[in-house]
There are 2 protein chains.
Amino acid sequence: MGALGFAPSGATHRAREPSMDFSELKSVCCGCTIRELCLPAGLTDQEVLLLDQHMSHRQPVKKGESLYRTGDTFKSLYAVSTGFFKTSILHEDGRAQVTGFQMAGEILGLDAISADRHVCDAVALEDSVVCEVPFDRFEELGQLMTNLQRRFNRTLSREIVRDQGVMLLLGSMRSEERLAAFLVNLAKRFSARKQSSSELVLRMTREDIGSYLGLKLETVSRLLSRFHDEGLLAVRGRNIQILNADGLNRLVGAA
Amino acid sequence: MGALGFAPSGATHRAREPSMDFSELKSVCCGCTIRELCLPAGLTDQEVLLLDQHMSHRQPVKKGESLYRTGDTFKSLYAVSTGFFKTSILHEDGRAQVTGFQMAGEILGLDAISADRHVCDAVALEDSVVCEVPFDRFEELGQLMTNLQRRFNRTLSREIVRDQGVMLLLGSMRSEERLAAFLVNLAKRFSARKQSSSELVLRMTREDIGSYLGLKLETVSRLLSRFHDEGLLAVRGRNIQILNADGLNRLVGAA
DNA sequence: AGGTTTTTTTGATAAAGATCAAAAAATTGT
DNA sequence: ACAATTTTTTGATCTTTATCAAAAAAACCT
């Protein structure tokens, strides 16, 4: 489990460079550009160092690979360092429901704490890097660092709030509102990561979006075309440019 | 905030008797019949006593009253002792989405940890009693009692799993599957509380059920009538008897 | 108990989104 | 670079569930 796979690509940013050999690098979090969006958020430098040296461990995941699957025993949480994931739960009869899309700084595996087994699949939608956080050691550290434990409680609670937002979306919104809400949310998260909030490069298929939003892929495609015709978006396959952010926001808020 | 309201009704069970004066009673959790379904689950007697004496505090909530509302500052979690609650989030435009129904042993307020504000309304659907758990003291206790903290992490994670189950329901299931899943889930929870799992007394309106399931109240009513006609249920207003549990389960699992 | 309000049921109709189908576009593997 | 595969778009039609409406039933209030 060292630095596997991934050909060097000549980039210079540490956080964007999957091929570096991190096994020698003690302080992964300390130099991470998205530190404040991730588990170390709000910790002092010393605390981050402690978190870092005792537990973090980087691991590449190639596009299409599963980080974990339903039923796997739970050992670690994973913080997305770079890349993009989707999580989905499966119903007996083969139906799947995408429960979320995770980008840099977001934590995967929180649902597995409950029963020591993963209850969803996490699949990389592009070549990605995650920081592995062995949970038993993390819990020990939480007992030593009040601040870390408190932050972690909030992380868990934030996921509950996010999920309830999805419930609102699925339970009360019409298709166009759902899609608008989805795009606005993506844009906001890109923006928080200093990426363009108007030029979205979608990593997931229309089917993934549809599953997440409780719609069929054809409906998603039609809605994107309509938003395009209405001048809200410029849609070129998975490249989506937001032309009228106010208009989108109005769709989300409106009755 | 001692023993407010609620006329005595002559019952003998402590956990079912809202009018008792609990301010003198030090060990609320210790004698609680649903202790193993609640926060103290898995703690030793000594640990429960510690949790109990330092933090629990009982409080009646009358039918129709709010335990807290969206925007209230977060101070405490609440464990339902007896009774029945619903939680709902509101969209700007007045639309509301019911996010859950809580019964004895279940915890209210977990979503508020995230931002120190409640993000939903919690309303009692019948005269109820809750145990108030001041969260700052609870967090301190978690730092002292590893076991409590670990259990609490699981409680939070379990709520995430529950929410994702609702996403599956709302995103991938048809109306009849949703309603069947809802009834099966209620029955299971009643059963865990030693109440009949075939004679359900619903505490919520058809509209509440509809909101939770992403359906209109008329649809819920029609479905109940259909299940009745098909011999799956006996429906008499809010009294619902499950006549064919296997049939219901088949509806939930089937394609 | 009796009048008022709320909730539930049921019917008729409408609308949103699903399904089926097929071509176009994009991506992938070699 | 090219053939194979996957994804996306668009059209025609069908199904499910929402909407509108009104009566029946239940719950509430004083």
Side-chain angles (χ1 to χ4, degrees), chain A residues 7 62-65 84 86 95-98 123-127 169-180 182 200-230 233-240 251 254-255, chain B residues 62-65 84 86 95 97-98 123-127 169-180 182 200-230 233-240 251 254-255:
Chain A
K62 286 231 191 69
K63 178 174 176 175
E65 278 181 10
F84 206 90
K86 75 169 174 186
R95 274 180 296 186
Q97 170 74 26
V98 172
V123 177
L125 296 182
E126 63 180 346
D127 288 354
L169 184 135
L170 292 172
S172 306
M173 291 186 174
R174 280 172 307 104
S175 61
E176 58 177 27
E177 300 175 283
R178 294 186 203 181
L179 185 62
F182 169 73
L200 311 180
V201 181
L202 302 185
R203 253 69 227 219
M204 68 296 277
T205 67
R206 304 287 194 257
E207 188 170 19
D208 287 333
I209 299 172
S211 172
Y212 180 65
L213 298 178
L215 303 170
K216 291 295 158 186
L217 68 95
E218 296 96 329
T219 304
V220 173
S221 178
R222 277 184 238 276
L223 285 168
L224 286 171
S225 299
R226 211 176 87 203
F227 286 178
H228 181 107
D229 293 345
E230 292 170 355
L233 306 175
V235 180
R236 278 189 7 270
R238 296 198 187 173
N239 291 68
I240 290 187
L251 267 184
Chain B
K62 286 230 192 70
K63 177 173 178 176
E65 278 182 9
F84 207 90
K86 74 169 173 187
R95 273 181 297 185
Q97 170 74 27
V98 171
V123 177
L125 295 181
E126 63 180 346
D127 288 353
L169 185 135
L170 292 172
S172 307
M173 291 186 175
R174 279 172 310 104
S175 61
E176 58 176 29
E177 300 175 283
R178 295 186 203 181
L179 185 62
F182 169 73
L200 311 181
V201 180
L202 303 185
R203 253 68 224 222
M204 70 294 279
T205 66
R206 303 288 193 256
E207 188 170 20
D208 287 333
I209 299 172
S211 172
Y212 180 65
L213 299 178
L215 303 169
K216 292 294 159 186
L217 69 94
E218 295 95 330
T219 304
V220 173
S221 177
R222 277 184 238 276
L223 286 168
L224 285 172
S225 298
R226 210 175 86 203
F227 286 178
H228 181 107
D229 293 347
E230 292 170 353
L233 306 173
V235 181
R236 277 191 7 270
R238 296 198 186 173
N239 291 67
I240 290 188
L251 267 184

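The structure presented is a predicted model; accordingly, all values stated were derived computationally and were not measured. To find a chain, count down the sequence lines: A is the first, B the second, and so on, and within it residues start at 1. As a basis for the values below, the full set of heavy atoms in this structure was taken, side chains included, without hydrogen atoms, waters or symmetry mates.
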* **Phosphate-side-chain proximity, B/T205 and C/dT7, N/O vs OP1/OP2 below 4.0 Å** => no
* Among D/dT10, C/dT8, C/dG17, the one nearest A/T219 by side-chain distance -> C/dG17
* To do: Between D/dT17, D/dT7, D/dT19, spot the one nearest the side chain of B/R174, thanks.
  => D/dT17
Within this structure, what is the [atom1]-to-[atom2] distance between [X] and [N], rounded to whole angstrom?
| X | N | atom1 | atom2 | result |
| --- | --- | --- | --- | --- |
| B/F227 | C/dT8 | CZ | P | 17 Å |
| B/R222 | C/dT10 | CZ | C1' | 6 Å |
| A/E207 | D/dT8 | CD | P | 9 Å |
| A/M204 | D/dT7 | CE | P | 14 Å |
| A/L217 | C/dA21 | CG | P | 15 Å |
| A/E218 | C/dC20 | CD | P | 10 Å |
| A/L202 | D/dT8 | CG | C1' | 13 Å |
| B/L125 | D/dA27 | CG | P | 15 Å |

Quick one: label [X] by what it contacts on the DNA or RNA (base, sugar-phosphate, nothing), any heavy atom closer than 4.0 Å.
| X | result |
| --- | --- |
| B/L215 | sugar-phosphate |
| A/S225 | sugar-phosphate |
| B/G210 | nothing |
| B/G64 | nothing |
| B/S221 | base |

For the atom pair [atom1] ([X]) and [atom2] ([Y]), what is the distance rounded to the nearest 0.5 Å?
| X | Y | atom1 | atom2 | answer |
| --- | --- | --- | --- | --- |
| B/L170 | B/Q97 | CG | CD | 6.0 Å |
| B/R174 | B/L251 | CZ | CG | 8.5 Å |
| B/L233 | B/N239 | CG | CG | 12.5 Å |
| B/S211 | B/K216 | OG | NZ | 8.5 Å |

* Of A/G237 and A/R178, the one whose closest DNA chain C nucleotide lies more 5' -> A/R178
* To do: Between A/K216 and A/R238, just flag the one whose closest nucleotide in DNA chain C comes earlier from the 5' side.
  => A/K216
* Report, as yes or no, whether the 6.0 Å neighbourhood of atom CD on B/E207 holds more than 12 heavy atoms from other residues, nucleotides or ligands. => no
* With a 3.5 Å cut-off and just heavy-atom distances, do the side chain of A/R226 and the base of D/dT10 make a donor-acceptor pair? -> no
